[in-house]
Every structure is written in structure tokens, then in C-alpha cells.
Amino acid sequence: MSVRLQHIKHHIFAANQCAEMTTPLLSPLTTHVLNTGRGIPAANMNLSLYLLDATSPSWNLLRTGATNDDGRCPGLITREAFIPGVYKMRFETGQYWEALGETCFYPHVEIVFTIIDASQKFHIPLLLSRFSYSTYRGS
Amino acid sequence: MGLMLLINSSYCLATISGRTIQSGSSSFHSEQTTSALTTQSISSQRRSGMTSKTFSPLTTHVLNTADGVPGAHMALSLHRLDPHMVLWNLLTIGTTDKDGRCSELITREAFTAGMYKIRFETGQYWETLGQTCFYPYVEIVFTIIDQDQTFHLPLLLSRFSYSTYRGS
């Protein structure tokens with residue numbers, strides 16, 4: 001692929017990837033997806049963030065995006081928007097492995113978690129292989 | 001916690017199809033619930049006379065990794081995606097036994113290729129132990145292509161972490 005085409009490809013991917021918010025404040029909610037099958041960050045994985053609307057009940061979509069080359073997704077949510085409640089992060093794991101030419105046992109992974117004290121920071125990694133995954137509250 | 005039970009009951013009212021699953025000599029009947037999920041102990045059904053030829057091709061094992069004990073008496077449910085209606089059909093509800101296992105989730109005949117979901121009521125589980133849990137519930141969605149295999153899906157759980165894998 002020519003250098004020019006490589007630049008264009010990078011711009012297209014970057015447009016969908018999560019980028020830092022324009023304000024200097026960092027998101028109170030972060031994630032990091034690691035491909036433990038290959039020992040690499042899981043780059044360009046589509047994900048979405050939802051907040052439960054307790055009155056319906058239904059999930060309100062807050063954000064869609066894709067992990068960057070390091071498997072991270074900065075700028076998920078602003079401090080102001082991050083209120084106590086039940087959130088869901090959905091990772092398109094089947095799509096991710098398909099782009100690598102492989103199948104995955106999990107078509108998607110949804111992690112539902114409760115935020116009581118929204119003044120704290122929450123780092124929610126996803127360690128993923130084709131037949132396993134784990135998550136935890138990190139820092 | 002009452003909120004999550006309301007969500008559970010709304011969900012069940014939307015998806016329960018009232019079908020009966022035959023499983024050896026016992027049967028599991030999914031019924032409409034108007035409040036919290038009703039639970040049946042699958043281990044007690046098993047003791048009532050399952051033959052060795054009718055083991056479920058899908059099993060699970062919940063472990064409380066924080067306390068180093070089985071995740072006993074945790075409510076769970078198994079669902080299959082109806083691809084045409086794009087909604088989840090509830091197949092089985094039950095509770096893990098004292099060893100954290102739930103070994104008779106589905107019969108070989110009912111276990112067709114498709115997308116399944118096991119939902120574990122983790123928030124409820126930790127609440128009965130007098131603690132909070134970061135995860136009000138855990139849903140593991142997986143794809144079955146070859147229904148002739150057996151699939152063991154453990155859940156290793158603490159208050160602030162969980163993991164799952166295809167075991168044996």
C-alpha cells in the first residue's frame with residue numbers, strides 16, 4: 001500500500017476511534033480492551049455506552065465509538081453527564097474477531113454496572129480471547 | 001434493588017413464551033411472573049430421577065472468588081435469541097446448588113444451533129450476603145454452532161470483577 005493510501009486509511013479509522021475530548025478534563029469512565037489470545041491491545045473494536053432510564057425501563061445510548069490502537073477509548077463521557085445510575089458498555093467482540101479472520105464464542109459482550117458515587121473514577125477493562133473474557137474495576 | 005426486580009419482571013413479561021421443556025423425567029415450565037423471578041432448584045429436579053443419558057449439553061459453575069466458595073443459590077436464567085422476532089425467549093430459570101452448579105439447563109433435543117444468553121442475578125446474590133456488587137447482573141451471550149458438543153460456561157465472580165470462559 002502506498003504511503004498516501006496508508007495516511008488516508010489512518011484518517012478513516014481515526015475518525016471513528018475514540019479521541020480525547022476537546023476540554024482538558026478526562027472522562028471519569030475509561031476502558032481498555034486487551035486481546036489476550038494474541039497478547040495485543042484490541043484496536044478498532046466498536047463499543048457503545050448506555051445509561052438505564054429507570055422510568056421506562058430502557059437503555060439510553062450515550063456514546064458509540066471504537067478503541068484506538070492501544071485498545072483504549074478516551075473521552076467516553078464528561079464529568080457532568082456522568083450521574084449515578086446503571087450503565088452498560090457493549091463491546092462488538094464478534095465483529096472484532098471476524099475482522100481478524102476468526103470466529104468468537106461471544107458475539108458481543110455487555111458489562112452492566114452500577115455507579116453510586118459518580119465523583120469517583122471507574123476504569124473497566126475487558127480482557128478478551130476467542131473463548132474467554134474477564135472484567136474488573138481497575139484504576 | 002427493587003428497581004432491578006421491576007426491570008426483571010418487565011423483561012420476563014415481554015419474553016416468556018410459556019413453553020415447556022422436557023428434561024428426562026422432569027419438566028421445567030416457564031410461566032409468566034408478575035413480580036420477582038420465581039426460582040426452581042434445578043438440583044432438586046435432578047435428584048427426582050434424571051437418568052444418566054439426559055445430561056444437559058450446557059452446564060455452568062459459579063464461583064465466588066472473593067470468598068473462595070461456590071456461588072451457591074444464585075438465581076439464573078437461560079434464553080435463546082429468536083432471530084426472526086429479534087427478541088430473547090426465556091427457556092429455563094433456576095438456581096445454582098450448594099456447589100454453585102446448575103447442571104440441567106437444557107435438553108440435548110432443545111439445544112439447537114443459535115445465540116444463547118445466560119443471565120446471573122449477581123446483585124441479588126451479593127445482597128443476600130449483606131454486600132453490594134458492582135454488577136447488578138451478568139449476562140453472557142454466546143453462539144452455538146455445533147449443538148453436538150458440550151459447553152461448560154463457568155462464572156468466576158467477586159464484588160468488583162468477573163470472568164468466564166469455555167471450559168470442559
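Worth knowing before you read on, the calculation uses all heavy atoms, side chains too, and leaves out hydrogens, waters and symmetry mates. Just so it is clear: chains get the letters A, B, ... in the order the sequence lines come, proteins before strands, and each one is counted from 1.
Connection of B:Leu76 to B:Val69 is not established within any shared hydrophobic cluster, with ILVMFWY side chains joined at heavy-atom distances below 4.5 Å, either directly or through further cluster members. Taken together through direct or relayed side-chain contacts under 4.5 Å among Ile, Leu, Val, Met, Phe, Trp and Tyr, B:Val86 and B:Met115 form parts of separate hydrophobic clusters. By the rule that hydrophobic residues join a cluster once side-chain heavy atoms approach within less than 4.5 Å of another member, B:Tyr135 and B:Leu129 end up as members of one cluster. The hydrophobic cluster containing B:Ile118 does not contain B:Ile145, counting ILVMFWY residues as joined when their side-chain heavy atoms lie under 4.5 angstrom apart, directly or transitively. A:Ile124 and A:Met45 fall within the same hydrophobic cluster, where Ile, Leu, Val, Met, Phe, Trp and Tyr residues are linked whenever their side-chain heavy atoms come under 4.5 Å apart, directly or through other members.
Counting heavy atoms from C-beta on, the side chains of B:Phe134 and A:Ile115 come closer than 4.5 Å. Taking 4.5 Å as the limit, some side-chain heavy atom of A:Tyr133 sits within range of a side-chain heavy atom of B:Thr164. A:Ser132 is not listed as a side-chain neighbour of B:Arg166, based on a closest heavy-atom distance of 4.5 Å or more.
Classified by interplanar angle (parallel below 30°, tilted 30° to 60°, perpendicular above 60°), the ring pair B:Phe151/A:Phe105 is parallel.
Heavy-atom pairs under 4.5 Å with chain B were tallied for A:Ile111, A:Thr93, A:Val109, A:Thr103; the largest tally goes to A:Ile111.
Counting heavy-atom neighbours within 6.0 Å of A:Glu98 CD, excluding the residue itself, gives a total of 12 or less.
Atom OG1 of B:Thr143 is separated from atom NE2 of A:His108 by 9.0 Å, given to the nearest 0.5 angstrom.
In the hydrophobic clustering, where aliphatic and aromatic side chains (Ile, Leu, Val, Met, Phe, Trp, Tyr) are joined below 4.5 Å either directly or transitively, A:Tyr136 groups with A:Leu34, A:Leu127. Counting Ile, Leu, Val, Met, Phe, Trp and Tyr side chains that sit under 4.5 Å apart, directly or through other members, A:Ile116 stands alone, with no cluster partners.
In this view, A:Ala43 and A:Asp69 satisfy the side chain to side chain contact (heavy atoms under 4.5 Å, CB included) rule, not counting sequence neighbours.
Taking all atoms of both residues into account, the shortest heavy-atom contact from A:Val112 to B:Pro136 is O-CD, 3.5 Å.
Taking non-hydrogen atoms and a 4.5 Å limit, the residue list of residues 153-160 of chain B in contact with chain A, ordered by number, reads B:Leu153, B:Phe160.
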